[in-house]
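Some notes on the structure that comes next.
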Amino acid sequence: MPGAGAVLGVDVGGTGIKARLTGADGLVLDETRVPTPRDDPDATRLAGLVADLATHALDRGPLDAIGLVTPGVVDDDAGRVVLSVNLGWRDLPVRDRVRTELARRGIDVPLAFGHDVRAGALAETATADAALALGSVAFVPVGTGLASALVVDGDVVTGGGWAGEIGQVRIPTGPHAGHRVEEIASAGGVARRSGSASAHEAMLRVRAGDPVATTVWDECVDVLADALVWTTVVSGCHTIIVGGGLAESGALLFEPLRAAVAERLAGLRVPSLVPARHGDAAGAIGAGLLARRIVRIEVAA
């Protein structure tokens with residue numbers, strides 16, 4: 001019976017893929033993390049990986065649907081990735097690629113498709129307190145790259161797939177002029193610019209007083225604060241949920257970021273800056289919610 005089985009949520013990140021299998025009762029049945037395939041310009045390897053995950057899920061029992069979310073400029077309705085800088089995709093029919101591979105292996109389940117950050121926003125607001133269901137709320141995961149999603153009265157703004165691409169804006173002036181925002185204000189940017197293996201390593205170096213890592217960290221906070229301020233004044237958001245790898249540094253990020261945002265918004269309403277409730281699992285949880293939604297639509301039809 002549709003709706004009685006599990007759903008598989010798959011979140012494709014710039015460096016890793018997170019998959020979560022959730023039962024009809026909401027319990028997490030399985031979680032998997034694997035590297036994102038590299039040198040995969042037509043998403044063939046990704047399609048095979050999703051089919052592998054689905055096969056593994058079916059070994060555990062009935063599977064009602066799969067939700068797949070990817071980064072970049074995503075046209076949810078068409079099932080296409082218009083542009084994904086980190087994955088090297090342009091105008092790619094990812095949903096069809098995956099559907100074809102699932103069918104080739106005899107897996108016949110509905111496939112929901114969407115944007116990773118918008119899915120994360122759905123997860124963060126749909127499972128949070130009632131205050132986040134009203135007004136404008138921004139979700140900003142600071143991970144390999146940087147993007148955002150705006151939720152207004154419970155609905156995620158898509159903008160035809162173009163909404164929220166704050167990381168792709170070019171910085172017009174100053175020491176980082178010409179760079180995209182995410183090159184400076186992202187976990188990937190912090191790791192790369194500080195010469196660290198990861199943002200976590202950079203964070204440890206900052207805490208140890210390393211001058212290079214500290215400078216890079218401070219520059220990240222400044223550029224990120226600028227992006228959050230523009231998001232705030234345009235959307236009027238009362239809360240900004242900050243997620244991704246960088247948010248795991250806690251006060252090291254949030255204290256200077258809150259101060260920088262408040263300084264820039266002097267005389268205006270300052271949004272609450274809060275850490276994501278679901279950490280880096282938000283995208284996979286949101287993908288699962290999209291899968292549940294498509295099951296409900298098919299049952300209603």
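- Between the CZ atom of R95 and the OG1 atom of T100 there is a distance of 11.5 Å, given to the nearest 0.5 Å.
- Residue pairs that meet the side-chain hydrogen bond (donor to acceptor under 3.5 Å, both in side chains) test with at least one member in residues 151-171, sequence neighbours left out, are Q168-R180, Q168-E182.
- Heavy-atom neighbours of R207 CZ from other residues, nucleotides or ligands within 6.0 Å: above the threshold of 12.
- The backbone N or O of A6 lies less than 3.5 Å from no partner atom in the side chain of D64, so there is not a single donor-acceptor pair.
- Residues satisfying the salt bridge (Lys or Arg N to Asp or Glu O under 4.0 Å) test with D42, not counting sequence neighbours, are none.
- A distance of 6.0 Å separates CG of D30 from CG of L21, quoted to the nearest 0.5 Å.
- Residue pairs meeting the side-chain hydrogen bond (donor to acceptor under 3.5 Å, both in side chains) criterion with at least one partner in residues 212-221, sequence neighbours excluded, are R193-E219.
- A 4.5 Å side-chain heavy-atom check between V12 and L46 finds at least one atom pair inside the cut-off.
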Quiz prompt | Worked verdict on L53 versus V10 for side-chain contact (heavy atoms from CB on, under 4.5 Å) | solution = CA-CA 9 Å; L53 292 169; V10 182; 4.2 Å; yes

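- With sequence neighbours excluded, the residues satisfying side chain to side chain contact (heavy atoms under 4.5 Å, CB included) with P93 are R80, D96, R97.
- Applying the salt bridge (Lys or Arg N to Asp or Glu O under 4.0 Å) rule to R33 yields the partners D280; only residues at least two apart in sequence or on another chain are considered.
- Applying the under-4.5 Å side-chain rule to Ile, Leu, Val, Met, Phe, Trp and Tyr, the cluster around V157 extends to L150, V152.
- A donor-acceptor distance shorter than 3.5 angstrom exists from the side chain of S198 to the backbone of E201, with no hydrogens or angles considered.
- Panel note: side chain S148, backbone V140; no donor-acceptor pair is recorded below 3.5 Å.
- A salt bridge links R105 with D52: at least one charged nitrogen is closer than 4.0 Å to a carboxylate oxygen.
- With rounding to the nearest 0.5 angstrom, the CD1 atom of I107 is 14.5 Å from the CZ atom of R99.
- The side-chain hydrogen bond (donor to acceptor under 3.5 Å, both in side chains) analysis of residues 245-259, with sequence neighbours excluded, yields no pairs.
- Residue S196 holds its OG atom at 7.5 Å from CG of D210, rounded to the nearest 0.5 Å.
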Self-check item: Chi angles and distances behind the side-chain contact (heavy atoms from CB on, under 4.5 Å) call for V242, V274
Solution: CA-CA 6 Å; V242 182; V274 299; over 6 Å; no

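- If you take OG1 on T125 and CG on L134, they are separated by 11.0 Å, rounding to the nearest 0.5 Å.
- V223 and F254 fall within a single hydrophobic cluster, where Ile, Leu, Val, Met, Phe, Trp and Tyr are joined by side-chain heavy atoms under 4.5 Å apart, directly or via other members.
- Note that the CG atom of L246 and the CG atom of L224 stand 8.0 Å from one another [nearest 0.5 Å].
- Residues satisfying the side chain to side chain contact (heavy atoms under 4.5 Å, CB included) test with V261, not counting sequence neighbours, are A225, L228, V229, L257, L265, V270, P271, L273.
- Residue-environment remark: NE2 (H238) exceeds the threshold of 12 foreign heavy atoms within 6.0 Å.
- With sequence neighbours excluded, the residues satisfying side chain to side chain contact (heavy atoms under 4.5 Å, CB included) with V74 are T70, D76, V81, F113, H115, R118.
- Annotation: side-chain hydrogen bond (donor to acceptor under 3.5 Å, both in side chains) contacts involving residues 14-29, sequence neighbours excluded, comprise R20-E31.
- At distances below 3.5 Å, not a single donor-acceptor pair connects side-chain atoms of S194 with backbone N or O atoms of V216.
- Counting only heavy atoms from C-beta outward, the side chains of N86 and P71 never approach each other to under 4.5 Å.
- The hydrophobic cluster around V7 extends to none of the other residues, as no ILVMFWY side-chain heavy atom falls under 4.5 Å of it.
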Practice problem: May I have the step-by-step check of side-chain contact (heavy atoms from CB on, under 4.5 Å) for V137 and C237, ending in yes or no? | Solution: CA-CA 5 Å; V137 178; C237 54; 5.7 Å; no

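- Looking only at distances, a side-chain donor or acceptor of T36 sits under 3.5 Å from a matching main-chain atom of G16.
- In terms of the side chain to side chain contact (heavy atoms under 4.5 Å, CB included) criterion, residue partners of P37 (sequence neighbours excluded) are, by chain and number, I17, D40, R45, L49.
- When all heavy atoms are compared, the tightest approach of G143 to S186 is O-CB, 3.4 Å.
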Practice problem: Start with the C-alpha distance between F139 and V151, add both sets of side-chain angles, then the distance that settles side-chain contact (heavy atoms from CB on, under 4.5 Å), and finish with yes or no. | Solution: CA-CA 8 Å; F139 173 56; V151 183; 5.8 Å; no

